[in-house]
Amino acid sequence: MMTPLHRKLLIFTVILAAIMELIDISIVNVALSHMSGNLGATLEDTSWVITAYAIANVIIIPITSFLSANLGRRNYYIGSVILFTFCSFMCGHSSNIWMLVFFRFFQGIGGGALLSISQVVVFELFPKDKQSTAGALFGAGIFIGPTIGPTLGGYITENYDWPWIFLINVPIGILVMISCYFLLREPSVKPEVTKVDWTGIALLAIGVGALQTVLERGEVEDWFETRYIIILTVIAVSTLLFFIYWELSIDKPVVNLRVLKSKSLSIAAILTFVTGFGMFISIYITPVVAQRLLSFSPYQTGLLLLPGALFALLALKTCGTLLQKGVSPVIIIAAGFLLFIYFNWRMSGMTLNTSASDVATSLIFRALGMALLTVPLTMLAVSSLDDKDVGQGAALNNMMRQLGGSFGVSIINTYVAHRFSAHRNELTSNITPYNVIAMDRINGYIKYFQSKGFAYNEAKLKALKLTENIIMRQSSLLSYRDAFFLVGLFFVVTLPLLLFVMNKSKKAKTNMIISDH
């Protein structure tokens, strides 16, 4: 029998492990420029450090229940902690970008269990009448991880060096490993151990990996003008279609797609995908805008997210209380979507003179929106499932969040590049001898440089270069504004889907994720 002290220690341990896994999703965001310069890689190649981790999470999360059943939950969880910790150590000692990406991928493989199984354990350790409290508690971890990641990453990058954003996981991982060795037990009701669906696992890994590569490298390689992009597109489409057919045609699939017959789960999965899309994109491009366009340091950039994190903790507590009192998850989800739409609207109107306080205020609305979406979306996802399918439904919902983030980073890089070219062409088309305002501005720059002692020709060259730099910065700003607007538009378009689950959500289960997945 577990004592109250041991119970609290185990809850703390598994939530700490989940936070550690989620922090690693966003902790690298503010350090991408430093990594790029230090490892001699382009920013596009360095973004694979984010993408590889997300791909691994997407592959492993839906099959955690399968692996847990076959390997034993305790063995699988502790083994995942060991893998995550070892790969964190190797990431910190990587000598080139592709070595870092390699170990980052396997860090994500280990991290997938830290999220899914930690969620199960927390719910098991709370009585049924306290499941909303458990949801809010775990939801705090889900939200806090990606939110404080940039703050922590900025502080470490500025005061130490980027490898420490990975090495910091090592002592935490060792503590989690020791604690789980003594405290974690197998579930009272063990899942049925079935034959390994290796075909399903292989198809999922190949399909997601190929699709993600196409999304990530398509813009750089001029899309279908490059042979390997065409080949990978064919592989991705055919493999994922066959994966769906295979999983629906066998008795014991690694991912039970049949649960998607539930309207509540299907709609929740779409909304969760969009939530992941918005959550990870905003946490990815905000640091880029803050550092490259608004000239904030990595640490200052990280601090922008801190006020929002504090407000989110209050929102999570309020969310748990409202759910406990029977408020429909749909109402809370709608409020979360509206707050996030407002955040994107504010960010789509920023200028090069936008202050840190303005950005931090906008991020508070983002944080509040995300806080109101985490737990209610999970409740909506499993609200109409049989008890035996709750674990699989929750795992698929978790996968959709990671998938949205993974695709989002790739898609937004392509979108920003296209919008940058369009805005640059539009702005440069106005620099003509017939544009009096433009000529007056350039002549003003020439006179300024002449006053500093430069000859006319040299002053003119510097004035034109300065004008080009201004155009580049303005084009970048406009392209990121477009990106925020696009994300907000996704939320607006998908919000009406809630109308289709208004009635069913009233019967939402509060014993969400008791079974192992």
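Hydrogens, waters and symmetry mates are skipped; everything else that's a heavy atom, side chains included, is used. As the structure is a prediction and not an experimental result, all values here were calculated from the model.
There is no side-chain donor-acceptor pair under 3.5 Å between Ser348 and Arg481. The closest side-chain donor-acceptor pair between Tyr53 and Glu21 falls under 3.5 angstrom.
With a 6.0 Å radius and a threshold of 12 heavy atoms from other residues, nucleotides or ligands, Leu477 has its CG atom above the threshold.
Asp358 meets the salt bridge (Lys or Arg N to Asp or Glu O under 4.0 Å) test with no other residue; sequence neighbours excluded. Under the rule for a salt bridge (Lys or Arg N to Asp or Glu O under 4.0 Å), Glu426 has no partner lying at least two apart in sequence or in another chain. By the salt bridge (Lys or Arg N to Asp or Glu O under 4.0 Å) test, Arg346 is found to be paired with no residue, residues two or more places apart in sequence or in another chain being considered.
For residues 160-178, the set of pairs meeting the side chain to side chain donor-acceptor pair (under 3.5 Å) definition, not counting sequence neighbours, comprises Asp24-Asn169, Asn38-Trp162, Ser88-Asn169. Evaluation of the ring-ring contact (aromatic ring centres under 6.0 Å, His included) test over residues 452-477, restricted to residues two or more places apart or in two chains, returns none. Listed by first and then second residue, the ring-ring contact (aromatic ring centres under 6.0 Å, His included) pairs involving residues 342-375 are Phe340-Phe343, Tyr342-Trp345, Tyr342-Phe365, Phe343-Phe484 (not counting sequence neighbours).
With Asn435 contributing its side chain and Asn430 its backbone, the two residues share a donor-acceptor pair below 3.5 Å. The backbone N or O of Val176 lies less than 3.5 Å from no partner atom in the side chain of Ser179, so there is not a single donor-acceptor pair.
Between Tyr445 and Leu464, every side-chain heavy-atom pair lies at or beyond the 4.5 Å cut-off. The shortest side-chain heavy-atom distance between Asn457 and Lys460 does not fall under the 4.5 Å cut-off.
Summarising the geometry of Thr85 relative to Val81, their closest heavy-atom pair is OG1-O, 2.7 Å, with the distance given to 0.1 Å.
Phe277 and Phe273 have parallel rings, their planes meeting at less than 30° on a 0 to 90° scale where 60° marks the start of perpendicular.
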